[in-house]
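See below for the structure under consideration.
Just follow the structure's listing: the first ligand is 1, and inside any ligand the first atom is 1. Since we're looking at a predicted model, the values are computed, not measured.
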Amino acid sequence: MTKPVNGFSKFSKSEKIAWLAENYLAENKKAVSTLQQYWNDDEKLQKLHDEFIENTVSNFYLPLGLAPNFLINGKHHVLPMAIEESSVVAAASKAAKFWSERGGFKATVINQKKIGQVHFLYTGDFSKLEKLFKNIEPKFRESVKSITRNMEKRGGGILEIDLIDKTQDLKNYYQLFVKFDTRDSMGANFINSCLEKFAEVLQEEASKVQDFTKEENLQIIMSILSNYVPECIVRAEVSCPVNELSEDKNMSGEQFAEKFVQAVKIAEIEPYRAVTHNKGIMNGIDAVVLATGNDFRAVEAGIHAYASRNGSYSSLTHASVENGIFKFWMEIPLALGTVGGLTSLHPLVKLALDILQKPSASELMEITAVAGLAQNFAALRSLTTTGIQQGHMKMHLMNILNQNEATENEKEKMVEYFTHHTITHSSVIDQLEKIRS
Ligand code: MEV
């Protein structure tokens, strides 16, 4: 049994690795060199990465791929995507090319408000709390002047502060419900700093109120932004005449559209399917969110909550055919930033934003939503026509070959062979063995 370790964060990097190797990886003779293999030779760059988090022992690589030919609101983009799943970038590129020949994607930011809450308990009369709130509202704003000054210069700041009575749902529970405009920053630190100040003001002012009796007690529970942002919505869409949809001689545009719309309808009413359907959308969204240094956990949590806003988990995308026109669209909440956080710190994040021509937060919302819509289009197109495995296994072939340490020459032969044969794990292994013997 390994003993608990004290003061681990104070160990040097080598000490941490030595401790790990001794206590958990004694059997693995390559453990230390595997970790070291991923260190960057550039010491300054490595130090930067070491300091992103606590107890860094190595770097964890993800491929950064490019999906070209995205025509969005009339402008061409190449999308940087950080993702490990083999078929995602290929699918995005294919969908982008397809729609670039049919007018491209349209995307619009509908609104861009972020939300934060101070959660507190109050045991007294609501009218007294309301009176207190009205009296001290200017004090809330006053208390954060030094924090909001720069944000206000950029046109953002605090939009609304409301007092919400939640006692129907939980005894004595109230909130300060605050809306923010954080411009091009994701705004988590800004929002949380403001909320913590509001909580201080509320607690302090409550303690001064003369007509609060002893029983009328106010207790702050916590102050934090919400990653649910249903007022930070972006819409992405594509449309074209139905007869321009098919690229397959065996299926007309009408037949394709009918099947496609049906597949979306299934995801609208069937949660088991909706989860996988939306997972495909997140393949595109997360990859851009990660590459641009944004918080994919926040984005995921917010989007999935939005997908269940009507009481049942449902598809994020929708499709229709009306008067011979196919339409495919999605509205999702996306709180993203292009300044602050990792954006100017991580060299590859900076580069990803340069690749996207230094977008504003709202432009990045549009691009990211389009990546999700494109991914869903590509997935549904495969699912309703050839099936997903054909494309998926084609991309996965290289993973199987690498797992089996195929040489470049073997890879070439295998790729050629599987241009005309069905790829499964066992067929690849069999063929590799044949080549090798
Ligand atoms: C795989 O990563 C994503 C899909 O399963 C999405 C879908 O089923 O729509 C192909």
Q. Among all protein non-hydrogen atoms, which one is nearest to atom 3 (C) of ligand 1, and what is the separation to 0.1 Å?
A. N283 ND2, 3.6 Å

Show every donor-acceptor pair shorter than 3.5 Å between a side-chain atom in residues 78-92 and any protein atom, with sequence neighbours excluded, or say none if there are none.
| residue | atom | partner | partner atom | Å |
| --- | --- | --- | --- | --- |
| E85 | OE1 | K279 | NZ | 2.8 |
| S87 | OG | H392 | ND1 | 3.2 |

Q | Donor on one side chain, acceptor on other, K411 and N402, under 3.5 Å | A | yes

**Q.** Minimum-distance pair of heavy atoms, taken over all atoms of T276 and Y272
**A.** OG1-O, 3.4 Å

(Q) Please compare R273, K279, H277, E85 and report which has the shortest non-hydrogen distance to atom 8 (O) of ligand 1. (A) R273

(Q) With a 4.5 Å cut-off on side-chain heavy atoms, are N294 and L364 touching? (A) yes

**Q.** Mode of L383 contact toward ligand 1 - side chain, backbone, both, neither (heavy atoms, under 4.0 Å)
**A.** side chain

Q. How far is atom 5 (O) of ligand 1 from its nearest protein heavy atom, and which residue and atom name does that atom have?
A. T276 CG2, 3.5 Å

Q. Closest non-hydrogen protein atom to atom 10 (C) of ligand 1, residue and atom name please, with distance?
A. I388 CD1, 3.6 Å

Q) Can you find a pair of side-chain heavy atoms, one from D181 and one from K113, that are under 4.5 Å apart? A) no

Q) Does ligand 1 have an atom under 4.0 Å from some heavy atom of Q375? A) no

